[in-house]
Amino acid sequence: MRYHQADYDVPLLFEACDEQKIDDRFDPTIGGAIPKGLLRSDLNIPDLPERDVVKHFINLSQMNFGVDNGLYPLGSCTMKYNPKICDEVVSWPSVASIHPHQDPSTVQGALRLMHELEGMLCEIGGVDAVTLQPAAGAQGEYTGIHIVRAYHEARGEKRNEVILPDTAHGTNPASAAMVGYDVLEIPSKNGCVDIEALKASISSDTAAFMLTNPNTLGIFEKDVKEIAGTLHDAGALLYYDGANLNAIMGKTSPGHMNFDIVHFNLHKTFATPHGGGGPGAGPVGVKRYLEEFLPVPRIIEKDGKYHLDYDQPKSIGKVKAYFGNFGVLVRAYAYMMMQGGPGLEAASENAVLNSNYLKDKLKDDFELPYGGLRKHEFVLSGKPLKSKGVRTLDFAKRLLDYGFHAPTIYFPIIVDEAIMIEPTETESKETLDRFVDVCKQILKEDPEILKTAPHNTSRRRMDEAKAARDMIFSWRGYKKKTENAK
Amino acid sequence: MRYHQADYDVPLLFEACDEQKIDDRFDPTIGGAIPKGLLRSDLNIPDLPERDVVKHFINLSQMNFGVDNGLYPLGSCTMKYNPKICDEVVSWPSVASIHPHQDPSTVQGALRLMHELEGMLCEIGGVDAVTLQPAAGAQGEYTGIHIVRAYHEARGEKRNEVILPDTAHGTNPASAAMVGYDVLEIPSKNGCVDIEALKASISSDTAAFMLTNPNTLGIFEKDVKEIAGTLHDAGALLYYDGANLNAIMGKTSPGHMNFDIVHFNLHKTFATPHGGGGPGAGPVGVKRYLEEFLPVPRIIEKDGKYHLDYDQPKSIGKVKAYFGNFGVLVRAYAYMMMQGGPGLEAASENAVLNSNYLKDKLKDDFELPYGGLRKHEFVLSGKPLKSKGVRTLDFAKRLLDYGFHAPTIYFPIIVDEAIMIEPTETESKETLDRFVDVCKQILKEDPEILKTAPHNTSRRRMDEAKAARDMIFSWRGYKKKTENAK
Amino acid sequence: MEHSKCSLEMLQELGLKSVDELFADIPKSVRSGGLRLPEGMSEIDLKRSLETMLSSNRHAESMLNFLGAGIYHHYIPSAVKMITGRSEFITSYTPYQPEISQGMLQALFEYQSYIAELTGMDVVNSSMYDASTALGEAVLMSTRISGGDTFLLSRAISPERRRVAELYAKGADIRLVDVDFDRASGSVDLNDLTSKLKDGVSGFYFETPNFFGVIESQAREIRGLLDKRTMVVGVNPMSLAILRPPGDLGADIVIGDAQVFGAPMSFGGPTIGLFGCRPEHVRKMPGRIIGMTTDIEGRAAYCMTLQTREQHIRRSKATSNICTNEALLAVAAAAYLSVVGRTGLREIAATNVRNMQSLSSRIDSISGFGAPLFKGAHFNEFIVRSDRDPFQIHKTLLTQGIHGGLVLANMFPELGNSTLYATTEMHTKEDHDRLLGALEGIR
Amino acid sequence: MEHSKCSLEMLQELGLKSVDELFADIPKSVRSGGLRLPEGMSEIDLKRSLETMLSSNRHAESMLNFLGAGIYHHYIPSAVKMITGRSEFITSYTPYQPEISQGMLQALFEYQSYIAELTGMDVVNSSMYDASTALGEAVLMSTRISGGDTFLLSRAISPERRRVAELYAKGADIRLVDVDFDRASGSVDLNDLTSKLKDGVSGFYFETPNFFGVIESQAREIRGLLDKRTMVVGVNPMSLAILRPPGDLGADIVIGDAQVFGAPMSFGGPTIGLFGCRPEHVRKMPGRIIGMTTDIEGRAAYCMTLQTREQHIRRSKATSNICTNEALLAVAAAAYLSVVGRTGLREIAATNVRNMQSLSSRIDSISGFGAPLFKGAHFNEFIVRSDRDPFQIHKTLLTQGIHGGLVLANMFPELGNSTLYATTEMHTKEDHDRLLGALEGIR
Ligand SMILES: Cc1ncc(COP(=O)(O)O)c(C=O)c1O
Ligand SMILES: Cc1ncc(COP(=O)(O)O)c(C=O)c1O
């Protein structure tokens, strides 16, 4: 299998020959509308013909690997294929060209879509009410933990601790901390929550426990109901990190597992593309008794008309301006309508099938901590690589040379040299088989090749330390540094 | 300068694991609507998820070099940048979703656009009437030569010869032959029409002379009026191959040079993209006395309403169904409106400037037959390469390694080892300078590198003889051949 | 003209003082002195003015439309648009440098492969301009294959195609002779065909489904009658998802329009001429052909081949003058067929047949109307006969925001008050209801 | 569920008999037993049903609209849409593997560079969710920089942003205190600011142009008053094409929304939070930062850097929880700024000012209306004061197919009958005429 990523020398736009018109007759005061003192005297951004700009970005795009280019088995990220119709729909003026302050009577379609999306998420999450406002998963957590705080405060309680397992994603502790909580991480046992340790750490200070199930190792926490019971008995709430929802749709739900709050990553489970980092959307669902704390406005349907209700005295307020990342919501809605209930269930089935298939094919070449079934993803240990004198990082970089994106690595922290693989349901058996072949072949290669990998990407291994040392974050910064150096 | 084209192993779609549903309950008779005997029993085309199809074509696209990727100095082809707004406009339903048989009252906008486009082409071509019907340059020639024939026939004359210079593009003789003419090619002299030879070959059999000016070498035929006079005196017509119009807009026009008929390549001069081979559009313009022969329907404006007029008894008829490649026409119209008169003139000026700049920088490294000014393109001879033991072909292939498309080579035939370079106006000085540097560098490289070039493209040099020998033109053909071989 | 700093630098390097000097070689006597055209406009102004101008077009999304007759309104999946919108495909030229153009070449080879499967022809070129010019070229090729000075055309074909074929035939001094259709079935009148198969006839062209939407049921008999003459079959390739391929029926040449596969109607252009033939005829074929080969490393690869047929090599002796073709629409067709796949394509075709059947029988049940006029099997269009003047009906429908079918009264006077209606998967039951309601009001 | 042939093969290789066995580890007690959701639909049906549902939305192309207040309707050049539509950008994740993600990384670095030039800040992160959360994060960062438990907010900011800032402040137990605006000029009331600069105040946030469209003229004075406290400035980055950059005025942190650069309004999301700071504060900054470096061959390259500030490394001690951000809109902004360029951007900004001036003075000339309410210089929006109830006016305009400005009566009762009107380069003179005609009819 041969692969080489496109490789262009693309200078920064700021370096390009500036096709400045000689005669720049611009009147900066705009006929005196703005006093001179408020105006800038220069603006050092390039003036380029469209031709050069398009070439620049087209060639850059070819130097960027996306799901559309091939397998992207980034564990925890659910990099599934995004149907193109969803992108098309978002470009319609009825989606793209509406303003958030429009009179509700002029945006009934948008409100209805959001209302129906809330309904579908309720069903999938096993919850009673949903807000679409959070902009991403982490903001969903932030919203959820604010709800936890509001809930306890409404009951006159002041609890200042959030517990989570050591396998939790970094956003969980960060979000809890930003809501003002102390964070307590408890160690896992056999890849799952150590219920005894959990029980030991619960106190009247415990506001909530944050968990994802299947957990970060791809293992289903089968004692989840017991966990929930323990927490609830202590007056605490259970928060579900929805990043792993792709494993369980139609089989179980956070609600059925007795979670109180859940966020959904529409840019994971519901096929909205990730855009090289975002935008995403992180709706939050809650059980009935927490609904009153959801952000405002709530979308209310009455006699077929949709309203925005700001009159929610117990609401936590707003986590983001307006109503959420509408463009992302529309994509997710379109995807869900196309899939339907059966399609979503099939998505989870195939995601789990693909994951277990890969796991089985690869487990003997690496190490699989804690055997058994996995859900939509699994974590191998790259420890055996050490005997070759290489690390998980080298293996990951070498995968790039074959036109596969690398898995997530070194997460979760509890697995030594972790390799976290999530194939998703949209990959074919043929692709998985090729991936397995390549993995096995890499293990046979000369360690030097791995250590100097990648070789076939647009750039070779990065000097990341230099980036941190030089601290050049902009062309402006670069020019200053280089001028200072002279 | 580093370049590597993207390289993927993309199997043919037909080879892919066919995700066929086990249970195919399709009723082929469609409830008995179609008798069994008329139905096919199998259909061997693959059933693939959208994910696999998109990956396939995205990766193929990265293995295809276009103007948007960089310099494409293909002489005679005017590979200029195509503004993106023109692509956008064509996707509007008011362009894409109208049917050619619609009642004219329901497509007034389309008819008006075409009528105005005809008007602009008249002005640019210096002609009195234009048909937009021909699908490409060659079809424009075909239309034009049919008009020649109709013109002579209408005058009761039977002339059976079309003359053209040996530098003419292959479509010229082919088009003339398809209209039933004998073709006489006359040799050039000093890179221009040999007027004496031309005069000597003109007879009462001469129907027309086909020429492009500037000619294929990029030289302006300054005696064009004398040529025209000679032809006209002999009762023959003068045909202008519009492929080279990008050199002269606003400076002169075929009409001003006394040509009778001209075709326009909208996919060259007027920035409609070439689509990997097409579609294009080849409108034809004529002087007043030839208007009656133009294809039907003609678009007629009366009191602000547009009509289709089929009542043209002398018309040659139709060269293509309906009204021409409307989608291409709209793009050209949009381009022309954005450029305006001054913009089009500037386009020609910059095209000629770029061409002469490159010519000057490169002429000493190669050979420039016939010195002096060039218009929008120029032809070098690769003869000097022979001393290195390499050919023009090798040089061209090596250019690919640097991320430049190759120039047109071995055309026109009168220049030994011809290298025909047309930079177009949309390339920046910076790009031209880089191109010059690379050309000079290649000349210094080891001949072996050139002979085995390209090295950095998705595939290496082709075995073109094998393709002609094996004659595999389809998956179906491939399967048959390989099964026969067994 | 203002010129950029870089332009001035370049002029200087050329030793020139002004841009005018670059045009010193154009004699005064032919100078035009500029263009009498408006000033240019910004992108935003262009968009505004085009929107205004084109807003008077009533398109298929703003007006229910029952036109077909060679150009059809089918659904184009979003993925197809995305694929054909890729810059690298759109902005490339003909793949003269195969090493750097494998993407286009493989896509075109796949187009050829799809059409080969659908038509049952091993050889398919990478496109002609459209079906009409494909027909013109087929007439010429038929003469190259079988000699002669006459070519027979079924009368049940589109007048548009017919007229283009006439011009192509005229250029080659070929006589075209019509073969009538059977007044009951709408298919080829075999007696008339037999009577016209004289010496000097190189071949015969008929369509299935033909212009009246009728699927030809006598292809085998026609093949027999033609003997060694060239059989040229015109198809709506969408119908081949379910219909017997013409290759199976003995066609020498198959033509058609692949617009139905992923290209919009675009007022009739660009569309894409489909052209296939038997392997023994390949050297007589017009147009570009992509062949499979390997590169010097032995990797599978694609390139243009058998170019000695083409004008840039053979000049006046070429099989055709075609150079620029419709490659991007071939990519669209390949992408379309890949996205919908076998199952999807068959479902779409079946939906077309079902819609045709339903619409036709519902119209038939309105008094004053009869449909379909012919009793043969149909694909997705059919003729409606009306008691009242079809032009009047057309006008009345227009006032109700419905564009009815194509009135045939002038084109085929022998068919009386006939109108050709097409329906595809784009029509919902509600769309049919609307038309029927309007027709009910008219009868 | 039907399963494909390949799926069954895989099951078999796993030694499983059914898909159910893959879920054997989920206890019965938590099983949900399927989803009560409708069946799926085809792409064509989806499109139909969405078109129907969304047709009741009246968008900027179907209804003249004068809303702004943080989200603006600007022209998006076609090239920008094409660039941001590229699959490779859209379908990639955060560039954790820089070697294979240079395209996104360089584009983000260029975004940072553009915003750095415009704002005059050397450090810009690669995006926050939107301006409101950027403000929330700035409040927290101000506390990290300057300590204290209180943060001052200008009252002349958007209530949307204000509410989000409240939540962020609440999480960190920070008290927010308002600083009033001057009733005549609409800019910061320096007396009120001075009176509130008590101990424990970490910083102050004000906007220019502010929520009322007024360009703040006293930034230098504010800088002086704040002393060592953090000065956080909110901008409409479009205005920085002509206005003095906040970096020049001494800002420590600059925030804003870069939606104006190539992103549609999209009902308010996704937009893109712009966030820049002085280099000395970089380790206290939230969000991802792209840095310039080289690869092992020494070629220029880009990667994420200073990640120890982030949650995936520092967990609960991170500067923020943000992970997914708005990278694609940063690419859009970079593409937008490149396509329009310096000259184009300045022309657009100037057109906005001109349109604002013209609209404002024309409204002012209608009796019963006054505009602008404040006498400071404005960018592209301004407050219209009316004698009649602004809600009534709003309703009347709606019936005429015009969406007037944002009525401020409830949000800023102290401003009386006030409505915030925005106008951009998207409005033509005819658009203004239409509004004025309607307002004339109302007075
Ligand atoms: C397990 C888990 N939780 C939370 C998140 C945070 O989601 P987001 O990136 O949308 O903020 C992620 C995504 O990276 C995740 O994988
Ligand atoms: C000089 C010249 N004439 C005619 C043509 C034919 O034009 P087209 O390819 O549009 O048929 C070309 C293009 O290849 C050309 O370069």
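Computed from a predicted model, the values in this text were never measured in an experiment. Values reported hereafter were calculated over all heavy atoms of this structure, with side chains retained and with hydrogens, waters and symmetry mates removed.
Heavy atoms of A:M471 lying under 4.5 Å from chain D belong exclusively to its side chain.
Between atom CD1 of residue D:I83 and atom OG of residue A:S61 there is a gap of 9.0 Å, rounded to the nearest 0.5 Å. The CE atom of A:M336 lies 12.5 Å from the CE atom of D:M41; values are rounded to the nearest 0.5 Å.
A:L12 has its side chain within reach of D:M292: a pair of non-hydrogen atoms, C-beta onward, lies under 4.5 Å apart. By the 4.5 Å heavy-atom criterion applied to side chains, A:K222 and D:V30 are not counted as neighbours. Within the 4.5 Å cutoff, the side chain of D:L50 has heavy atoms near those of the A:L113 side chain. Residues D:E39 and A:P342 meet the side-chain proximity criterion, which asks for heavy atoms closer than 4.5 Å. Under the 4.5 Å side-chain criterion, counting only non-hydrogen atoms from C-beta, A:Q139 is in contact with D:Y129. Inter-residue side-chain proximity for A:Y322 and D:I71 is flagged as met; some heavy-atom pair is nearer than 4.5 Å. D:F89 is listed as a side-chain neighbour of A:N64, based on a closest heavy-atom distance under 4.5 Å. Between A:L353 and D:S7, the closest side-chain pair of non-hydrogen atoms falls below 4.5 Å.
Relative to the six-membered ring of D:F23, A:K251 meets both conditions, a distance below 6.0 Å and an angle of at most 45° to the axis.
When atom types are taken as modelled, the side chain of D:Q97 and the backbone of A:H405 share no donor-acceptor pair closer than 3.5 angstrom. Judged by distance alone, with hydrogens and angles left aside, the side-chain atoms of A:S94 form no donor-acceptor pair with the main-chain N or O of D:S55 at under 3.5 Å. A distance-only check finds no donor-acceptor pair linking the side chain of D:E160 to the backbone of A:A321 [under 3.5 Å]. Although no hydrogens or angles enter the test, the distance criterion places a donor-acceptor pair under 3.5 Å between the side chain of D:S56 and the main chain of A:G109. For the pair D:T305 (side chain) and A:A468 (backbone), a donor-acceptor distance under 3.5 Å is present. In this structure, the side chain of D:E110 engages the main chain of A:L13 through a donor-acceptor pair within 3.5 Å. Side chain of D:R244 to backbone of A:L38: no donor-acceptor contact under 3.5 angstrom is found. The backbone N or O of A:V183 lies less than 3.5 Å from no partner atom in the side chain of D:S316, so there is not a single donor-acceptor pair. For A:D463 (side chain) and D:T294 (main-chain N/O), no donor-acceptor pair under 3.5 Å exists by modelled atom type.
With respect to the salt-bridge test (charged N to carboxylate O, under 4.0 angstrom), the residues D:R58 and A:D103 do not qualify. Here D:D25 pairs with A:K375 in a salt bridge; the nearest charged N to carboxylate O distance falls below 4.0 Å.
For A:H101 against D:A69, the heavy-atom pair with the smallest separation is CD2-CB, 3.8 Å. Between A:P35 and D:A377, the shortest heavy-atom contact is CD-CB, 3.8 Å.
Heavy-atom pairs under 4.5 Å with chain A peak, among D:R315, D:Q311, D:Q112, at D:R315. When each of D:E99, D:M265, D:H59 is scored by its heavy-atom pairs under 4.5 Å with chain A, the top score falls to D:E99.
Ring geometry for A:Y142 versus D:Y168: interplanar angle of 30 to 60°, hence tilted.
With 3.5 Å as the limit, one finds a donor-acceptor pair spanning the side chains of D:N321 and A:S175.
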Next item on the list: Carefully, step by step, assess A:R40 and D:D248 under the rule salt bridge (charged side-chain N to carboxylate O under 4.0 Å, His left out).
Entry: CA-CA 9 Å; A:R40 70 189 308 148; D:D248 277 15; over 6 Å; no
